[in-house]
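Just below is one structure, and these are the notes that go with it.
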There are 4 protein chains.
Amino acid sequence: MANLGFIGLGAMGGRIAKRLLDAGHTVTGYNRTRSKAQWLLEAGMHWGDTPRAVAEAADVIFTMVTNTTALQEVLGGPDGVLAGLGKGKVYIDMSTVSPAASRGLASQVAAKGARMLDVPVSGSVITLEQGNLSLMVGGEQATFEQVKPILLDIGPKVNYVGKNGQAVLMKIAINLNLQVQIMAFYEGLLLAEKGGIPRETALEVMLNSAIASPALKYRTPFILQKPDEAWFNVNMMQKDMLLALEMGRELDVPLPTTAVSNEFLTAARAMGLAQEDFAIVYRVLAKMAGLDA
Amino acid sequence: MANLGFIGLGAMGGRIAKRLLDAGHTVTGYNRTRSKAQWLLEAGMHWGDTPRAVAEAADVIFTMVTNTTALQEVLGGPDGVLAGLGKGKVYIDMSTVSPAASRGLASQVAAKGARMLDVPVSGSVITLEQGNLSLMVGGEQATFEQVKPILLDIGPKVNYVGKNGQAVLMKIAINLNLQVQIMAFYEGLLLAEKGGIPRETALEVMLNSAIASPALKYRTPFILQKPDEAWFNVNMMQKDMLLALEMGRELDVPLPTTAVSNEFLTAARAMGLAQEDFAIVYRVLAKMAGLDA
Amino acid sequence: MANLGFIGLGAMGGRIAKRLLDAGHTVTGYNRTRSKAQWLLEAGMHWGDTPRAVAEAADVIFTMVTNTTALQEVLGGPDGVLAGLGKGKVYIDMSTVSPAASRGLASQVAAKGARMLDVPVSGSVITLEQGNLSLMVGGEQATFEQVKPILLDIGPKVNYVGKNGQAVLMKIAINLNLQVQIMAFYEGLLLAEKGGIPRETALEVMLNSAIASPALKYRTPFILQKPDEAWFNVNMMQKDMLLALEMGRELDVPLPTTAVSNEFLTAARAMGLAQEDFAIVYRVLAKMAGLDA
Amino acid sequence: MANLGFIGLGAMGGRIAKRLLDAGHTVTGYNRTRSKAQWLLEAGMHWGDTPRAVAEAADVIFTMVTNTTALQEVLGGPDGVLAGLGKGKVYIDMSTVSPAASRGLASQVAAKGARMLDVPVSGSVITLEQGNLSLMVGGEQATFEQVKPILLDIGPKVNYVGKNGQAVLMKIAINLNLQVQIMAFYEGLLLAEKGGIPRETALEVMLNSAIASPALKYRTPFILQKPDEAWFNVNMMQKDMLLALEMGRELDVPLPTTAVSNEFLTAARAMGLAQEDFAIVYRVLAKMAGLDA
C-alpha cells in the first residue's frame, strides 16, 4: 500500500480520499477548512498542517481544487506543495485548469526532481460512489504505469491520453458536451410539455431513450427536485465552457453548439441563478418559451 | 398469439416483423419491393399482395415507412390500408410523421370503425437486436392496453405518452437530441485531435465518460469505419430536425441548439453527403477546422 | 401615361398606388376592405369591383398582399386576376412569396397570353415616402424594359435580377439581414446599457456609426417609442425568415446566423408579442439579460 | 492651434495625424518603424525619439495601437508616455482595449496629474478620408469639452458617452455588429448566387437596399476584388469579438449572434486566412455551401 497525500477535500476530493483510505493506503490530507475533513480524520486520515507538510509526508500527492487561482494558492509560497516536492515524488493534479497552465506546472514540478500527471475525472459524486468514475491521465507513460494501481482504486476506467496537459484538454472536450446535451434535452422536453405531455412522463420517456447519457440521467431530474446543493453550478460550468472556447481558438477548432449554449449560462447568471446547478438552464429556455417555470 | 400485419419491411421494419414472428405471432407482410422480404417469408411470414390485403387479413396492422408521402401511398387509394380497415381492428403507425398528420390519420381510421395508435421507436437496428428498443405510444389508453403485450414483444420499454399524435411529438423531441449531441461530441473530438490526442484514444475516452449516450456509443465510431449502409442518413435526420423546428414554431418553443445544428446537415448536403449516415457531420466540422478529414 | 391596376391597398400598396396616381397614371384599384381605399378614390383612383374587373380594365396590373394564401385568393376563381388577364397584359406581383410559388404563377399567367414579373421592394413606408424605395425585378428582360418607366415612378432604384422567381429570392436574401442585424444591434445596445451608458446615448452613437444601415436607423428607435401600428410584425418577419431557411435547404446554403436569429422571433411569439413590430425582439434579449425592459 | 503628440502612425493613426496637421496643429509624432512616418515628416510633423519625448513635447497626446500589449509597450518604462505626462496634460487613447484596462490606465494617468480620455473611432480609412469618421469619448466631461475642437478636426461626429472606459465599451458594442452583419450579408448573397443570380448583380442589389450599412458598402465588394492590404484582418476582428464576449460575461448580457459569428472567424483562421480582411468569412460560408469560392 502507498503513502499518499490529498489536498482539497471538498465534495469530490473528500470522497476520493475516502476511497483511497478504504483501499488500505496511508493518506495525509489538507483542506483550507479543516472541519470539513473531520469525517476523514475519523476514518483514519492523517492531517498535514500545510500543503507543503502533506507533500513532504507523502510519495504521491493529489490536489483537487476548483480553479487555477485556488491551485496556485496551494502550490506556491513557502507553505505550498512545490516547496515540499523532491526527487522520486509524483504529483497528481485532478483539477480542471487550462492545458497550458497544467504544462507550466509540470515544468515547475520537474525542476524539483519530481514528476507530474494531470488526472481529471469524468463523472459526478454519484458516479464515484457507484464505483464508475472515469479517469484520464496526462504525463510520462512510465510515471503513469507506476501509479496506475492507485488510480484504479479510485475508479475502474483509467485512460492514458498523452503528455502533460492533454488529459485536461480531454476533460474540457468532454465537459462542453454536458452543457450542449442539457440544452438540447430541455429543448425537446419543452416541445413535449407545450404539446400537452406531462413533464414527468416526457422526462421518463426521454431518459428511457437512446439519447440518455449517464450525465443526463442523473442531472435532468433536477427540474423536478433540486439537489440540496448544486453539484456543479452555473459558474463552474461556464468556467469549463470558457476553457473549451479558449482552446477552440488556440487550436483553431470552431465550436458552434458550444458557443451558442454558453450564452444561455450567461443568461442564467443574468437571471440570478449563478449558484444553482447548471441544470437550471431549463428555466432560461422555459422563460423564452413563455412559461413561468 | 395475435394475427398481425406489417407494411414496410426495411432495415428496421423487417427486423421488428421478425421479432413478432419469433414471438409466435402470425404475420402477414407487404413491402414495395418484395425481394427484400424474402428472408421473412422464409421465416414463416405470409405475403399480402397489397396494403389493403394485409389490413383485411390481420387484426392489428403496423406500418413503418420513411415519410409522410410514403405513408399516404400505402394508406390511400383502393389498394390502401384504409380500404381494408374495419370495426375492431387496430392500426399502429411506427413512422415519424408530423403530429398533425398523425392526428388527421387517426380521424380517418376512426371513421372506418377502427382505432389508431402512433408508436414510434427510439433506437437503432442494434438497439432492437439487443432487445432494448424503446416504444412510445399515442392514442386511447384502452386501445394501448389491448395491444401492449404485442408491443412488449418488440421492445422492453413501452411508454404510454398521451393522445394521438403525442407519441410522434415525443419522438421528434428525442430525435433533435441526436443531431445536437453528435455535433457537440465532434466539437470535443476535434479539440482533442488538434491538441495532439490520437483520434482513437479520444474517441474511446469520450465513450467511457458520462456524456456517452447509447446513441453516441453506436454512432460516433462511424468516423473510424463507415457502416456499409447508412442507418439514418443526412436527409432522414434533417427531415426529423425540420419536424422539430416546425413543432417549435407551432408550439412557440425556441430551439437554439437544434436550429444551429440543423444548418450543418444542410452543409453536409451541400458537400454531397446527403446519403451518408448523419455521423458524417464530423466531416463538415473537420473541414471548418482546416482538416481534410 | 399608362393604364394601371392595383390590388392590395394596405400601408405599402396604398402608398405605391398613390405615387402612381401622382405620376399621372390612370389607376384602377381593389382592396378587400374598400373603406381603406377611400383616400385613394378621393385622389382620383377608379374602383374595380373585383380583382378580375381590375385586370380587365388595366394594361399593367399590380398585386401586393401579405402572403401566398392572400395572393391565391385574389388570383384564382371566377373573380380573380387570372380570369381577367389576356394577351399583351403585364402582371406584376410585389408580394413576398416563395420563388417556386412565383414561378408557378408565371406559368399560369403565360398560359393566358400575358406575362408576369415578380417585383418585390426593399424598404419601408418611410423609404417609399422619401422616394428611395428599391425595386427588384424578375422575369423576361423585354417585359421589364416595357414597364421600367412605370417602376421608376415608384422608386429610383430598379434592379433587373433575372428570370421569374429570382427577384423574390433576392428579396428573401435581403430580408434575412433585417432580423440578424437587429439582433446584433440590440446585443450591442444591451452591452452598452448594462455597462452604464444611457440607452438614448448608446442608440444615438450606434446610429451615427458605420454599422447603421437605413433599416436600423428607422427601426431601432422603436425601443424608445413604439409606432402606433407595427410596420412589419413578428409574424411577418418570421414568415420571411422561414422562406429564407426553406430556400437555404432547397439550394443547400447553410444559414447559421439566420437560423439562430429566427428562434428569437419564436421566443417573441411565446411571450405574446406576435403582433408587435419585430424590433420587439429587443425585449426577448433584455429578458435574457435579466432586465424587465 | 494646439500642440499635439501622436504615437502609432499606422494606416489609421497616420491619416488622423495628417488631418490634425492639415487643420493647422503642431504635431510631434512617434512610430516604432520610423520609415512609415516619412510622409508625415515631409508634411511638417516633428519627430519624437521616444513616446516619452512626444508626451513631454505636447499638451495633448494621442495613442493608436493594435492591442493591449502594444499599448503597454508605448506607455510603460523609462521611455514611455506615462513618464512624460504631467499636470495639465491630456492623454487620449484611440486604441480598442478592454474597458477595465482603459480604466486602469486612466488611474495611472491621474496619478501623474494628467487626465485621460478613451476616444475610439468607428469607421475605416475610407470613412476618415471622406471626413465622416465618428468618435466616441469616455472620461470627465470637462476634459472632453477642452479638447472637443481638436476631436472635431478628426471627424464630424463626436459623441460624449460617459466616464472612463465607457467609450471603448461603446466601440466594442458597435464592432460586434460588423462581423454579424457581414455573416448575414454573405448568407443572403450565397442564397442569391446558388439560386442563379450573378454574384455582381446580387451584390449591387443588396448594397442598394435598406440593409446596406456604410460598413457593408465598403467591405462586401472585397469578395470581388481583395484590397492590397487587409483593412482589418481576421485576427483583429476576432480580438474585438472576444472583447465583446468577455464584456457580455462580465455584464451578464447573452450575445447569441455574436457567439455564433465568432466561430466562423475561428474557421477562417483554421483555413489559413488569419491575415486576410475579415470579409474573407465569405469563403468559410461558401465552402460550407459546397462552393470552391
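So that the names make sense, note that chain A is the first sequence line, chain B the second, and so on, each numbered from 1. The analysis underlying the following values was restricted to heavy atoms, covering all of them including side chains, and did not include hydrogens, waters or symmetry mates.
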So, for [X] and [Y], which heavy atoms are closest and what is the spacing to 0.1 Å?
X: G195(B); Y: Q166(A); answer: O-NE2, 2.7 Å
X: A173(A); Y: M206(B); answer: O-CE, 4.1 Å
X: L216(B); Y: Q181(A); answer: CD1-NE2, 3.6 Å
X: M170(B); Y: I197(A); answer: SD-CD1, 3.9 Å
X: A210(B); Y: G123(A); answer: CB-CA, 4.3 Å
X: V253(B); Y: A289(A); answer: CA-CB, 4.3 Å

inquiry  = Just so I know, are the side chains of L191(B) and L255(A) near enough to count as touching, which here means a heavy-atom distance under 4.5 Å?
reply    = yes
query = Do the side chains of N159(B) and E204(A) get nearer than 4.5 Å, heavy atoms only?
reply = yes
task = Kindly determine whether V180(B) and M183(A) satisfy side chain to side chain contact (heavy atoms under 4.5 Å, CB included), including the steps that lead there.
result = CA-CA 9 Å; V180(B) 180; M183(A) 282 284 297; over 6 Å; no
Residue pair V205(A), I174(B): steps toward the side chain to side chain contact (heavy atoms under 4.5 Å, CB included) verdict = CA-CA 9 Å; V205(A) 176; I174(B) 288 170; 4.2 Å; yes
Interchain contact, [X] with chain A, by part (heavy-atom threshold 4.5 Å):
X: M247(B); answer: both
X: V260(B); answer: side chain
X: Y186(B); answer: neither

Would you give the length of the straight line joining atom [atom1] of [X] to atom [atom2] of [Y], rounded to the nearest 0.5 angstrom?
X: S122(A); Y: I211(B); atom1: OG; atom2: CD1; value: 7.5 Å
X: L207(B); Y: K157(A); atom1: CG; atom2: NZ; value: 10.5 Å
X: L285(A); Y: T257(B); atom1: CG; atom2: OG1; value: 8.0 Å
X: L169(A); Y: E193(B); atom1: CG; atom2: CD; value: 11.0 Å

Based on non-hydrogen pairs under 4.5 Å, which of [options] is most in contact with chain A?
options: L133(B), N177(B), V121(B); answer: N177(B)
options: G290(B), S209(B), G162(B), A192(B); answer: S209(B)
options: L190(B), L176(B), L189(B); answer: L176(B)

If you count heavy atoms of other groups shown closer than 6.0 angstrom to [atom1] of [X], is the number above 12?
X: E246(A); atom1: CD; answer: yes
X: E140(A); atom1: CD; answer: no
X: K163(B); atom1: NZ; answer: no

Is [X] in contact with chain B via its backbone, its side chain, both, or neither, using a 4.5 Å heavy-atom distance?
X: K194(A); result: both
X: T201(A); result: side chain
X: A212(A); result: backbone
X: S213(A); result: both

key: Residue, of K217(A), M288(A), E250(A), that accumulates the most heavy atom pairs under 4.5 Å with chain B   = M288(A)
